[in-house]
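So you know, we letter chains A, B, ... as the sequences are listed, proteins then strands, and number each from 1. Just so we're clear, the structure is a prediction, and the values are computed from it rather than from any experiment.
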Protein chains: 2
Amino acid sequence: MSDRIADSDKKGLTRADEVRLAIEEDIFLGRLRPGTRLDEESLAQRFNISRTPIREAILQLVHAGLVEKQPRHGAVVAPLKLHRMVQMFEVMSEIEGLCARFAARRMSEEEKQALKRLHEASNAHMKARELDAYYAVNREFHEAIQAGSHNEPLQEIARGLFARLAPYRRYQLNHPSRINDSFDEHGGVVDAILAGDPEAAYTAMRRHVTIQIDIFAEFVSIMGGNGIQ
Amino acid sequence: MSDRIADSDKKGLTRADEVRLAIEEDIFLGRLRPGTRLDEESLAQRFNISRTPIREAILQLVHAGLVEKQPRHGAVVAPLKLHRMVQMFEVMSEIEGLCARFAARRMSEEEKQALKRLHEASNAHMKARELDAYYAVNREFHEAIQAGSHNEPLQEIARGLFARLAPYRRYQLNHPSRINDSFDEHGGVVDAILAGDPEAAYTAMRRHVTIQIDIFAEFVSIMGGNGIQ
DNA sequence: TGTCCATCTCTTGTATACAGAGTGGGACAG
DNA sequence: CTGTCCCACTCTGTATACAAGAGATGGACA
């Protein structure tokens, strides 16, 4: 783990913000597993600052849903319960479907072209079997559509769900043929949005995310639920 | 304003939590208008505690979306911009519609009967023109359906949106005939849920909330946007 | 030997003190 | 008279010190 915060991008951010970003990344990248205790004192030592900004960072993470906290009992990285995770995917599919529906109606020509380019870029990564690169573009793809909804509260909800699911979502693309199917599903979404067909976009996106639930369920059944709690 | 926190219900709550609840109530009840500056020092004096828990409370409010904050620039009660508020209602109608759709599929017989009783109770308040009572039952009605979705993350999203819109929503039922129409629309939702018809429930609920947007837009046009920013 | 109680320690919650950034006002120059 | 620059004050961000609650450990008694 980076025991120090990069000296770059320190513009306008408080220490608390920097710590929050660092811990967020640790959670996303799996360096901090769900269930891990977040001790204020040791975090303070790790970042060479006092406990005050650490506490603020933890509070922010609590409200982002990444961390759970009970008074006088400390904070732990949120151990998503299985049924709750399935519920979140369920909501996510609807929210993203909604984003796609709005995007089909509201995206500007420039936004549509940018989306198309993103999709084409992911095509290259798919053929080259570059999993990490595909995963990165995949995220950009979904974010582009969320932004295309031109509805900020909706984007915030989507981002929040995405953030909470991110630690688990990365397992999905390990499924052998998944990356190809994912690309094809994206294609359907892109076509519907470019054609300006809201309902088709909604259906395609909703289906795309719903499939991820199935993949995830399969992953869980293989794992036997271990390591997830 | 209550300059002191009630000695009751102090179980398991930190000072920060108490302050947060107090400020939340002030915002909901309009005692703290959007745009009002939240000065840490004066709040600390008002509650007779130090700035530390005040800061924590403000942070929590920031993440609930009720307060905005920029580094080194303090916190103000979130001044909802008009277009953003419309966007929130837009999302709210979809979220509540979604809740209704799930509720139609998942509500137990007990939950359905409880919902029916709530609706009948609101009928009495409508006929007696008891606006406040109707407003209270109305909230219970929506919460019952949200709970009926049996999807916790979805409920949290709905609650969050409701909380952020609450300071403004109360104007809506002032519209003369609104209360009757509202009751009729609720009736449609109840019928669909009791019949176990997800799509009808979704449509009825979505329409019910969408109408609120129109009422709200009308209210705003009368106000000329003053006092809302 | 097992159980219960007390104390001790560890961690969180709160207070207070200090540092640094922003803002506003006043003074001086044009 | 007006504009600009500098100084001071105010408020936020951070550090540190203190208090209090929860859990653990050890001893004593049954």
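Residues forming a side-chain contact (heavy atoms from CB on, under 4.5 Å) with A:Gln70 (at least two apart in sequence, or on another chain): A:His73.
A donor atom on one side chain and an acceptor atom on the other are not found under 3.5 Å apart for B:Glu130 and B:Tyr135. When only modelled atom types and interatomic distance are considered, A:Glu96 and A:Tyr202 share no side-chain donor-acceptor pair under 3.5 Å.
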Inset, instruction - Give the B/S/- string for nucleotides 10-16 of chain C, one per nucleotide from 5' to 3', where a protein heavy atom under 4.0 Å of the base yields B, of only the sugar-phosphate yields S, and otherwise -. - result: -SBBBBB
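For A:Arg106 and A:Phe102, the positive end sits near the middle of the six-membered ring, less than 6.0 Å away and at most 45° from its axis.
The distance from atom NE2 of A:His186 to atom CG of A:Leu115, rounded to the nearest 0.5 Å, is 9.5 Å.
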